[in-house]
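Single-structure report; data block below.
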Amino acid sequence: MHHVLVNERLSPNVTRLVIDAQRIAEIRQPGQFVIVHLGPGAERIPLTIADGDREAGTISLVIQAIGKSTADLVEVPVGGTIADVAGPLGRPTELPDHGRVLCVGGGVGTAVILPIAQELKHRGVAVTSIIGGRSREWVILEPDLRACGEVITCTDDGSYGRPGFVTEALKDALAEGGIDEVFAVGPVPMMRAVANLTRPLGVKTTVSLNPIMVDGTGMCGGCRVTINGAIKYACVDGPEFDGHAVDFAELVDRLSTYRPFEQFALERRGACSTTAEDAAAVAAAVAAATTPAGAAR
Ligand code: NAD
Ligand code: FES
């Protein structure tokens, strides 16, 4: 059992949980994740370790409540418990020891950027973070990243910081030159756009992928991605990969496979019995997901 010590809302649908997890706090490295299982009957949710305190034996998880399982998780109050937290999983981020690095975080992906920026600062690398949200209240972790270096904040609607997507600010930063490496985490279209900007300049670009995961140990195949034409499993080979080598179109396709099921589960969240109407809705979701246009791959 892991106790929730802090439950803090960071944006309209993003929450930070600080939980006790002594062993994970001692050995975790930037880029690694855990798989959280709230209790009997709950789904297993992969979450990047956003921060940690070795002395206190705690880790921070930043969760976007977009489905039933994540909505249930963010409702665990301070003092409540999470049954299992497995990890740290995945390969740690390969970080440089010198030079100038841009860390680009879109929305909740900013939480994955934070431990990378912290470790880069610790190594003496010059870090500029470019972070973005739909509007002011969707920008997260700005003060934490300011502790690591310069921060350029962007909002889609211009309500805070620079107006426009993070990629607009990235374009200008790349044009200034002197950038050795870019780390980018956020929505898939954002990571693809970042890779498209850095590829012609030959700037090394690392992205963190978020395919559907089940076991987190390389056995189920759920997190399959294609990198440079070769099959990789994000849970054991990643989750970070060379952004210039990722098949983003396949990732988008695979991420959409279970969307109707997730929507159904969210809508029926809290229901304790399955009715004939529920069964019909599930059948409709299956049909929608397996028609040629949305067929599972
Ligand atoms: P969002 O849709 O609100 O977008 C956040 C920001 O990303 C925007 O403000 C904009 O600056 C940028 N952006 C969005 N679309 C873009 C585009 N087409 N081109 C350039 N920039 C673009 O983000 P959200 O709702 O917070 O979702 C974040 C996403 O990050 C989720 O899809 C989640 O699955 C993903 N994620 C990934 C990881 C990972 O490890 N890879 C971890 C957590 C979350
Ligand atoms: Fe099962 Fe990666 S989550 S192989």
Side-chain angles (χ1 to χ4, degrees), residues 10-16 30-35 43-50 61-67 70 86-87 89-91 93 104-116 129-142 152-171 183-198 206-225 231-241 243 246 248 251-252 254-256 258-259 262:
L10 299 182
S11 87
N13 77 345
V14 176
T15 298
R16 168 160 46 193
Q32 290 189 298
F33 66 95
V34 290
I35 290 196
E43 240 182 337
R44 292 155 57 82
I45 310 170
L47 293 167
T48 302
I49 305 166
L61 304 173
V62 175
I63 303 141
Q64 187 178 36
I66 45 169
T70 44
L89 301 168
R91 290 174 180 269
T93 312
V104 187
V108 69
T110 307
V112 183
I113 283 297
L114 177 62
I116 295 172
S129 301
I130 302 175
I131 59 172
R134 291 167 219 171
S135 58
R136 187 186 185 112
E137 70 268 32
W138 294 88
V139 174
I140 63 169
L141 302 172
E142 185 183 354
I152 300 168
T153 309
C154 311
T155 49
D156 301 1
D157 65 1
S159 55
Y160 182 56
R162 183 183 162 136
F165 284 172
V166 285
T167 40
E168 293 304 313
L170 173 66
K171 235 183 264 178
F183 290 88
V185 189
V188 176
M190 183 211 98
M191 294 191 284
R192 177 163 42 189
V194 169
N196 286 342
L197 286 174
T198 56
T206 301
V207 296
S208 178
L209 304 186
N210 59 330
I212 290 159
M213 288 191 187
V214 183
D215 63 309
T217 61
M219 301 198 44
C220 73
C223 67
R224 172 167 63 84
V225 291
I231 289 178
K232 299 283 177 191
Y233 297 99
C235 65
V236 287
D237 299 319
E240 293 175 1
F241 294 100
V246 174
F248 284 109
L251 178 62
V252 168
R254 285 177 60 78
L255 278 170
S256 65
Y258 296 102
R259 203 152 289 150
E262 288 162 4

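Order of appearance sets the numbers: ligands from 1, and atoms from 1 within every ligand. Residues take their numbers from the sequence shown, with the count starting at 1.
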Check: What do we get for L209 next to ligand 1 when only non-hydrogen atoms under 4.0 Å count, side chain, backbone, both or neither?
Finding: backbone

Next item on the list: Of all N, O or S atoms in D215, identify the one at the shortest distance from atom 1 (Fe) of ligand 2.
Entry: OD1

Next item on the list: Give the numbers and elements of all ligand 2 atoms closer than 4.0 Å to a heavy atom of G218.
Entry: 4 (S)

Note to self: How close do C223 and C235 get, counting heavy atoms only, and between which atoms?
What the structure shows: SG-N, 3.4 Å

Next item on the list: Please state which part of M219 comes within less than 4.0 Å of ligand 2, counting heavy atoms only: side chain, backbone, both or neither.
Entry: backbone

Notebook entry, point to check: What part of T167 sits under 4.0 Å from ligand 1 if we count only heavy atoms: the side chain, the backbone, both or neither?
Noted result: side chain

Note to self: Which heavy atom of V139 sits nearest to which heavy atom of G133, and what is that distance?
What the structure shows: CG2-N, 4.0 Å

Check: Out of G106, G164, P187, G105, whose heavy atom sits nearest atom 4 (O) of ligand 1?
Finding: P187

Next item on the list: Please say whether A193 places an N or O atom under 3.5 Å from an N or O atom belonging to ligand 1.
Entry: no

Notebook entry, point to check: Which residue and non-hydrogen atom of the protein lie closest to atom 31 (C) of ligand 1, and at what distance in Å?
Noted result: Q64 OE1, 3.9 Å

Notebook entry, point to check: In the protein, what heavy atom is nearest to atom 13 (N) of ligand 1, and what distance, to one decimal place, separates them?
Noted result: M190 CB, 3.8 Å

Margin query: When you measure from the heavy atoms of C154 to every atom of ligand 1, does any distance fall below 4.0 Å?
Written below: no

Margin query: Starting from atom 33 (C) of ligand 1, what is the nearest protein heavy atom, named by residue and atom, and what distance separates them?
Written below: N210 ND2, 3.5 Å

Check: Would you say the side chain of D157 lies within less than 4.5 Å of the side chain of R134, judging by non-hydrogen atoms?
Finding: no

Margin query: I want to know if ligand 1 touches F165 in the polar sense, i.e. an N/O pair below 3.5 angstrom.
Written below: no

Checklist line | Protein contact to atom 3 (O) of ligand 1 [nearest heavy atom, distance to 0.1 Å] | finding: R134 NE, 2.8 Å

Checklist line | Backbone or side-chain N/O/S of C235 under 2.8 Å of atom 1 (Fe) of ligand 2 | finding: no

Note to self: I need the nearest protein heavy-atom contact for atom 40 (O) of ligand 1: residue, atom name and distance, please.
What the structure shows: S208 OG, 2.9 Å

Next item on the list: For V214, take its heavy atoms, then give the atoms of ligand 2 lying under 4.0 Å from any of them.
Entry: 3 (S)

Note to self: Under 4.0 Å from a heavy atom of G107: which atoms of ligand 1 are those, numbered in the order shown and with their elements?
What the structure shows: 5 (C), 6 (C), 26 (O)

Notebook entry, point to check: In ligand 2, which numbered atoms sit nearer than 4.0 Å to a non-hydrogen atom of G216?
Noted result: 1 (Fe), 3 (S)

Notebook entry, point to check: For atom 30 (O) of ligand 1, which protein heavy atom lies nearest, and how many Å away is it?
Noted result: G186 C, 3.1 Å

Notebook entry, point to check: Tell me: protein heavy atom nearest atom 11 (O) of ligand 1, and distance?
Noted result: V166 N, 3.0 Å

Item checked: Minimum-distance protein heavy atom relative to atom 4 (S) of ligand 2 -> G221 N, 3.2 Å

Margin query: I need the minimum non-hydrogen distance between A184 and M190, along with the two atoms involved.
Written below: CB-CE, 4.0 Å

Item checked: Close approach of G133 to ligand 1, heavy atoms, under 4.0 angstrom -> yes

Margin query: Which of the numbered atoms in ligand 2 are under 4.0 angstrom from any heavy atom belonging to C220?
Written below: 1 (Fe), 3 (S), 4 (S)

Item checked: N/O separation below 3.5 Å, V112 to ligand 1 -> no

Next item on the list: Could you please spell out the steps behind the side-chain contact (heavy atoms from CB on, under 4.5 Å) verdict for V207 and V185?
Entry: CA-CA 6 Å; V207 296; V185 189; over 6 Å; no

Checklist line | Non-hydrogen atoms of A195 and G243 that approach each other most closely | finding: CB-O, 3.4 Å

Notebook entry, point to check: Of I66, V108, L255, which has the heavy atom at the shortest distance from atom 43 (C) of ligand 1?
Noted result: V108

Next item on the list: Give the residue, atom name and distance (to 0.1 Å) of the protein heavy atom nearest atom 9 (O) of ligand 1.
Entry: D156 OD1, 2.6 Å

Check: Can any side-chain N or O of R192 pair as donor or acceptor with the backbone N or O of P187 at less than 3.5 Å?
Finding: no

Item checked: Qualifying residue for side-chain hydrogen bond (donor to acceptor under 3.5 Å, both in side chains) with Y160, from R136, E142, E137 -> E142

Check: Looking only at heavy atoms, which two atoms of C220 and D215 are closest? And how far apart?
Finding: SG-OD1, 2.8 Å

Check: Would a 4.5 Å heavy-atom cut-off, applied to side chains only, mark E240 and R91 as touching?
Finding: no

